Amino acid sequence: MPPKDRLNATPRDRLAALLRSRRGVLLLRRSVALALLLLAAVLAVQHPGSPSDGVPVLVAARDLPPGRVLSDVDVAHREVPAELVAAAALHDPSAALGKTLSAAAHQGEPLTDARFHGPTVASGAAGTVSVPVRLADPEVADFLAPGRRVDVITAADRPGGGAVLAENARVVAVQPAPERHDRGRLIFVGLPEQLAGAVAAASLNQTVTVALR
């Protein structure tokens with residue numbers, strides 16, 4: 001653009017002349033590159049990390065009933081976004097194996113230490129279920145403690161009328177003695193899953209006691 005025309009040129013004309021020049025093209029490219037870098041920096045601050053980033057936590061590998069003593073087949077690891085991980089979430093399987101669930105857990109549900117709080121909490125044999133049994137004689141529970149072995153039997157209403165429901169069961173937990181003794185004390189015993197349902201049903205419909213080993 002001649003010097004005389006430059007003096008009379010509008011800002012639009014000057015910009016067009018700059019873009020037509022080689023220097024103008026280079027300047028435009030640098031400006032665009034700088035703008036892209038700034039945009040990338042802003043996006044990185046707003047979205048730190050990809051959506052796939054996560055923290056491995058311990059979850060239930062399948063639907064688990066309350067009273068289940070956890071074994072290797074009951075737990076698994078799953079990646080969970082870091083911002084969704086509870087402070088009490090478990091990460092190491094050793095923190096859950098051999099412990100008893102105090103409430104049911106659905107498949108894929110993260111496990112926390114609160115899952116093992118309550119009257120059924122105790123170590124037991126893997127693959128067993130803690131079954132509640134209300135004793136006919138509440139004072140029998142005074143001689144029981146977690147780890148003690150007992151036979152679970154129905155109380156006989158006539159000579160020879162009792163039946164053994166389970167043998168050599170491990171006591172998992174014992175209900176503290178209440179102020180009143182109008183009802184039998186509740187205990188939990190660890191039983192194989194195939195026996196758990198029958199013993200639990202019997203303890204609701206019949207008078208049940210235990211024989212100490």
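This one's a predicted model, so the numbers in the text were calculated from it and none came from an experiment. Along the sequence shown, residues are numbered consecutively beginning with 1.
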For A89 and V57, the nearest pair of non-hydrogen atoms, with its separation, is CB-CG1, 4.3 Å
Grouping I, L, V, M, F, W and Y whenever their side-chain heavy atoms are under 4.5 Å apart, do I153 and V140 come out in a common cluster?
no
Worked verdict on V75 versus L90 for side-chain contact (heavy atoms from CB on, under 4.5 Å)
CA-CA 11 Å; V75 298; L90 302 180; over 6 Å; no
First locate atom CG of D74, then atom CG of L58, and finally report the distance between them rounded to the nearest 0.5 Å.
10.5 Å
Answer whether the closest heavy-atom distance between the side chains of H77 and P93 falls below 4.5 Å.
yes
How far apart are the closest heavy atoms of S203 and P132, and which atoms are they?
OG-O, 3.4 Å
Within this structure, what is the CG-NE2 distance for the pair L111 and H91, rounded to the nearest 0.5 Å?
11.5 Å
Quick one: are V172 and V131 in side-chain contact, heavy atoms under 4.5 Å?
no
Distance in Å, R134 CZ paired with I187 CD1, rounded so as to fall on 0.5 Å steps:
11.0 Å
Check the pair L165 / L195 against side-chain contact (heavy atoms from CB on, under 4.5 Å), numbers first and verdict last.
CA-CA 8 Å; L165 301 176; L195 289 178; over 6 Å; no
Does V80 form a side-chain contact (heavy atoms from CB on, under 4.5 Å) with V55? I'd like the steps, not just the answer.
CA-CA 5 Å; V80 176; V55 176; 5.7 Å; no
Using only atom types and a distance under 3.5 Å, with no angle test, would you say the side chain of T209 pairs donor to acceptor with the backbone of A136?
no
Starting from the C-alpha separation in whole Å, work towards a yes-or-no answer on side-chain contact (heavy atoms from CB on, under 4.5 Å) for L70 and L64.
CA-CA 9 Å; L70 299 186; L64 301 173; 3.7 Å; yes
Sorted by chain and residue number, the side-chain hydrogen bond (donor to acceptor under 3.5 Å, both in side chains) partners of D137 (sequence neighbours excluded) come out as none
What pairs meet the side-chain hydrogen bond (donor to acceptor under 3.5 Å, both in side chains) rule with one or both residues in residues 140-152, with sequence neighbours excluded?
D142-R185, D151-R213
Tell me whether V199 shares a hydrophobic cluster with V208, the cluster being built from Ile, Leu, Val, Met, Phe, Trp, Tyr side chains joined at under 4.5 Å.
yes
